[in-house]
Amino acid sequence: MTELSKHYEPQNVEDKWYAHWEKAGYFHSEPDDRPSYSVVIPPPNVTGVLHMGHMLNNTIQDILVRRARQEGKNACWVPGTDHASIATEAKVVKWLRDEKALTKGEIGREKFMEYAYQWTDKYGGVILQQLKKLGASCDWDRTAFTLDEDRSAHVIQAFVDLYRKGKLYRDYRMVNWDPEARTVLSNEEVIYSEEASQLYHIRYQISGSSEHLTIATTRPETILADTGIAVHPEDERYAHLKGKRAIVPLVNREVPIIFDDYVDPEFGTGALKITPAHDSNDYALGKKYDLEVISMLDEQARVTEEAGLLVGQDRFEARKNIRELLEEAEALAKVEDYVNKVGRSERTQSVVEPRLSLQWYVDMQQLAAPALEAVMSDEVDFYPKSQKNLYRHWMENIKDWCISRQLWWGHRIPAYYYKEETFVAANAEEALALAREHFGDEQIDLEDLKQEEDVLDTWFSSWLWPISVFNGFEDKKELDYYYPTSALVTGWDIIFLWVARMVMAGYEWQGERPFDKVYFTGMVRDKQGRKMSKSLGNSPDALKMIDEYGADAVRFGMLSCSPAGGDLLFDMKLVEQGRNFCNKMWNALKLLQMWEATEEKPSDTQALAEQWMQHRLNALSDRLPGMMEQFRLSEAIMQLYNFIWNDFCSWYLEMIKPEEGHQISNQTYEATRRMYAQIMVLLHPFLPFVTEEIWSHLTEGKSDCTQQRLPEVGEIDSHLLEDMEQARLMVSKVREIRNDKGISGKEPLELLLHGESHRLWEGSFRALLMRMGGLGALGYADKRPDQSVSFVSGTDTFYVPIGEFLDIGAEVEKLKKDLDYAQGFLRSVEKKLSNERFVANAPEAVVEKERVKQRDGAERVQKIQAALDALQGGESK
RNA sequence: GGGAUAUUAGCUCAGUUGGUUUAGAGCACUAGCUCGACAAGCUAGGGGUCACUGGUUCGAGUCCAGUAUGUCCCACCA
């Protein structure tokens, strides 16, 4: 037998096993007659790298999938990546600029796409390799990409289908514009947060008067595009200005003063400037009062000719510069510090600019109805349930979805324009046919059609993911088998961006939910509760952590702090704990490997211990499914942890451990290896590598842990389990006395029961108690022996003679404390029982329980009192 | 402004339809241990008025109302 290393060394183990599993094809799934258990991965960005959030949700998915395999299901976990159009395009643009000194405009669409594919081939998909490091048991043969051929075809088909159903339209509206990526964003892609800024008070002269009116704004540069002033109709300060006009400073434009109750008279000066082109509320007001719309910012948010001033400057530069101009013109009343909400692009972080433009939208009203119903009725089951509220709120107030993006990296919208008409079809040829038919003109050519330049929002492909990864529109066989998927594991932060939309797509195209259950993980935060992010630098390097501690340790760390739905505070200590746990199991293995077996029969202690361990293990196997079912994964892993560390290692192994230099009974030896292997199977979904490694040593490489089915849950003898609890308690009590008095474990002690019989005093428990307590004798006594300490366990009094180690004063103190507690307890029970209404109203079983408590409590008090009397009486003689 | 959710040991959290001891776990802490698997360890120990106030009930950590504090979501306040 090979010598095992002092410590468990994951570095030597993990890659070996992953390669083995993959080579054996254990993670590949094909439809068959078993029930399926399918999971689709939330596709990470193709250019992403593994971070804490991925590790958490992929560990959870892996546990579910591995557990499903153990249950005999045909588990299929589909991996893949998302083309992440904005994020990736931004990276490619930067790369082209930095490395090749090229811009999008210079190279054009086709060339850009070539570079983008080049770039994603080179840097993309790294994250999938990193998932293997974590142990993710994905079916890699099924790896999908939202921009690959099959998925793209599906996206186009979905678009065409929606268009034909009349659920798509184009409209000219105020949108969220990202001036850095130069594209529109959906509402969900804008993140609002409070930021420090300034409130500028600007004086506008009233036309034909020397009077001034002061407005307050956070965006002074946009006054160049002002086309109105608004005040509240009942604001007395401004009542006299009805019908007057104001002059915009610097540009000297005369604009109307309007009266609308949209204005809050309490805020600022109670007067508001109106810039219809650059603010969505102002746009609405402008429409209402038919104001002119002057656009003064281009797609990069630079000031245009229309403004007449500061032309070419960036909006922030212009803001800085306009201050001086306003001061010179004596139009700046004051500037005060102010905190307001600023919306930023989720991907580029640049401040979102409201902008008017023509975009494609999905009409969400009809799509939302069945999707809302599905979640509210738990047909799609949310964990934790509280997320249902959030979902409902959003679905009931749903806005149409802006799906066009002014980007190139993505699915180009299959809309073709000819003259004033729009033709939507899967390809140009079909569009051409439609156009010819519409115009009744066979002379129209492909070249006459102009395809939409915009691509689709990334989420327009992601929402099809649970369908498209099973090639849902080609051949229904896969889809029929795997759909609906079993569980989705994701963060609650993308409940609108992704989860809700998948539910809608599921009902729209499959008429059925996309998944049975959704498990929302929390956000990974650092110990101070801050969200982990690159910019804060508080996110540990995931791969480095795996290298250093092992994937199992990291998985343990992630899991043991992850309440469902709640945020989790990540602490390296937990990863250390995971590493220590692996090491503990490794050392238990080493102990087993050291033993030599003989033909001898097991000792009484060994036989009893083995029986107890098996029942204890059965009880654990029995508890686990319920926890798994409810996604109580951290509870499950803690139960396994405690079971292995305490029950198996600290108690069981110590019970059966042969004396130094002795051999162990073959029967005990084999049973122990078998049970330890069973435990490895239970733990395997959580910590796949270390369990596989230990399994291979226990079974001498004859099979793989990852292929094992869950053991059948055997008989659970609760009397046996209770008796052992009693025995453990007594052993601990004896050890406590040793600790307390400084008596070595080698010094044999006597444990005497006050009375004549005790079920643990005879039979197999006798030997076990003596061995575990380091006892020289186990006997009976009818009174307190000289120089002994006593304790009451249950309703029995026990004595342990300790000779000169006895300290009467300390002993009296201790017993008095026990007595106090026992009396207090008894009083509380008696109080309850003396309450007539309790006895009359509570169920009989509850009352009976209280009576038993009272009897035991009284007996206990009496025994402790007797022990105390004996001690004081005995020594005073 | 509206809503959600949380508040239990020093820390992170369980506590499953109100009733087995006057609340559990892990970590941390304290004391003692080189005992042939493990100091990444062993043995034992201390530690909580369950945020606060009131209510419902025979009985409340658990249900209800309010208060405080935290977190998050939504909303057009320049």
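Order of the sequence lines sets the chain letters (A, B, ...), proteins ahead of strands, with each chain counted from 1.
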For the side chain of [X], starting at C-beta, report the closest nucleotide among [options].
X        : options                : result
A:Tyr641 : B:rA78, B:rC27, B:rU5  : B:rC27
A:Asn580 : B:rA44, B:rU5, B:rG41  : B:rG41
A:Met594 : B:rA37, B:rU43, B:rG45 : B:rA37
A:Glu635 : B:rU22, B:rU43, B:rA14 : B:rA14
A:Phe825 : B:rC38, B:rA40, B:rU22 : B:rU22
A:Phe838 : B:rA37, B:rC58, B:rA14 : B:rC58
A:Ala842 : B:rG19, B:rC38, B:rC27 : B:rG19
A:Asn646 : B:rC58, B:rG19, B:rG26 : B:rG26
A:Asn389 : B:rC38, B:rU16, B:rU5  : B:rU5
A:Lys853 : B:rU5, B:rA44, B:rU21  : B:rU21

Can you measure [X] atom [atom1] to [N] atom [atom2] for me and round it to whole angstrom units?
X        : N      : atom1 : atom2 : value
A:Leu285 : B:rC77 : CG    : P     : 14 Å
A:Tyr8   : B:rC38 : OH    : C1'   : 15 Å
A:Ile743 : B:rC33 : CD1   : C1'   : 15 Å
A:Leu833 : B:rU21 : CG    : C1'   : 13 Å
A:Asp260 : B:rA78 : CG    : P     : 17 Å
A:Asp571 : B:rU12 : CG    : C1'   : 8 Å
A:Met572 : B:rA28 : CE    : P     : 14 Å
A:Leu574 : B:rA25 : CG    : P     : 18 Å

Counting the atoms with a prime plus P, OP1 and OP2 as sugar-phosphate, which does [X] contact under 4.0 Å by heavy atoms, base, sugar-phosphate, or nothing?
X        : value
A:Asn642 : sugar-phosphate
A:Trp645 : sugar-phosphate
A:Tyr338 : sugar-phosphate
A:Glu396 : nothing
A:Asn340 : sugar-phosphate
A:Arg735 : sugar-phosphate
A:Cys582 : nothing
A:Ser732 : sugar-phosphate
A:Asp264 : base
A:Arg219 : nothing
A:Gly824 : base

Summarise protein proximity over nucleotides 70-76 of chain B in one line of letters, 5' to 3': B for base, S for sugar-phosphate only, - for none, counting protein heavy atoms closer than 4.0 Å.
---SSBB
Are any of the side-chain nitrogens in [X] or [Y] under 4.0 Å away from the carboxylate oxygens of its partner?
X        : Y        : answer
A:Glu830 : A:Arg827 : no
A:Arg623 : A:Glu635 : no
A:Lys814 : A:Glu811 : no
A:Asp571 : A:Lys573 : no
A:Asp279 : A:Lys273 : no
A:Arg771 : A:Glu659 : yes

Can you find a donor-acceptor N/O pair under 3.5 angstrom joining the side chain of A:Gln577 to the base of B:rA28?
no
Donor/acceptor link under 3.5 angstrom from A:Lys590 side chain onto base of B:rC38
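No such pair is found, so the answer is no.
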[M] and [N], which share atom name [atom1], separated by this distance in whole Å:
N      : M      : atom1 : answer
B:rU16 : B:rG24 : P     : 14 Å
B:rU53 : B:rG61 : P     : 13 Å
B:rC42 : B:rG48 : P     : 26 Å
B:rG32 : B:rA39 : C1'   : 14 Å
B:rU7  : B:rC33 : P     : 42 Å

Can B:rC73 be described as syn, meaning its chi torsion is within 90° of 0, or is it anti?
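That one's anti.
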Give a yes/no verdict on base stacking between B:rU22 and A:Tyr821: centres under 5.5 Å, planes within less than 30° of parallel.
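Whether judged by distance or by angle, A:Tyr821 passes, so it stacks on the base of B:rU22.
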With ring-ring contact (aromatic ring centres under 6.0 Å, His included) as the test, pick out the partner of A:Phe556 among A:Tyr641, A:Phe689, A:Tyr549.
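Of all the options given, the one that passes is A:Tyr641.
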Criterion side chain to side chain donor-acceptor pair (under 3.5 Å) on A:Glu189 and A:Ser186, from CA distance to verdict:
CA-CA 5 Å; A:Glu189 290 167 295; A:Ser186 68; 3.0 Å; yes
How does RNA chain B read in dot-bracket, base by base from 5' to 3', with Watson-Crick or G-U pairs under 3.5 Å and | used when the partner is on another strand?
(((((((..((((.....[....)))).(((((.......))))).....(((((..]....))))))))))))....
Pair A:Arg673, A:Gln593 - check side chain to side chain donor-acceptor pair (under 3.5 Å), show working.
CA-CA 9 Å; A:Arg673 293 176 73 93; A:Gln593 301 295 68; 2.7 Å; yes
Aromatic ring pairing A:Tyr338/A:Phe267, orientation class (parallel under 30°, perpendicular over 60°, tilted between)
perpendicular
Would you call the rings of A:His697 and A:Trp586 parallel, tilted or perpendicular, where under 30° means parallel and over 60° means perpendicular?
perpendicular
Does the cation-pi check pass for A:Lys385 over A:Tyr383, that is, NZ or CZ under 6.0 Å from the six-membered ring centre and within 45° of its axis?
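Yes, A:Lys385 sits over the ring of A:Tyr383.
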Taking salt bridge (charged side-chain N to carboxylate O under 4.0 Å, His left out) as the definition, give me every residue that meets it alongside A:Glu195, ordered by chain and number, with sequence neighbours left out.
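Salt bridge (charged side-chain N to carboxylate O under 4.0 Å, His left out) list for A:Glu195, sorted by chain: A:Arg344.
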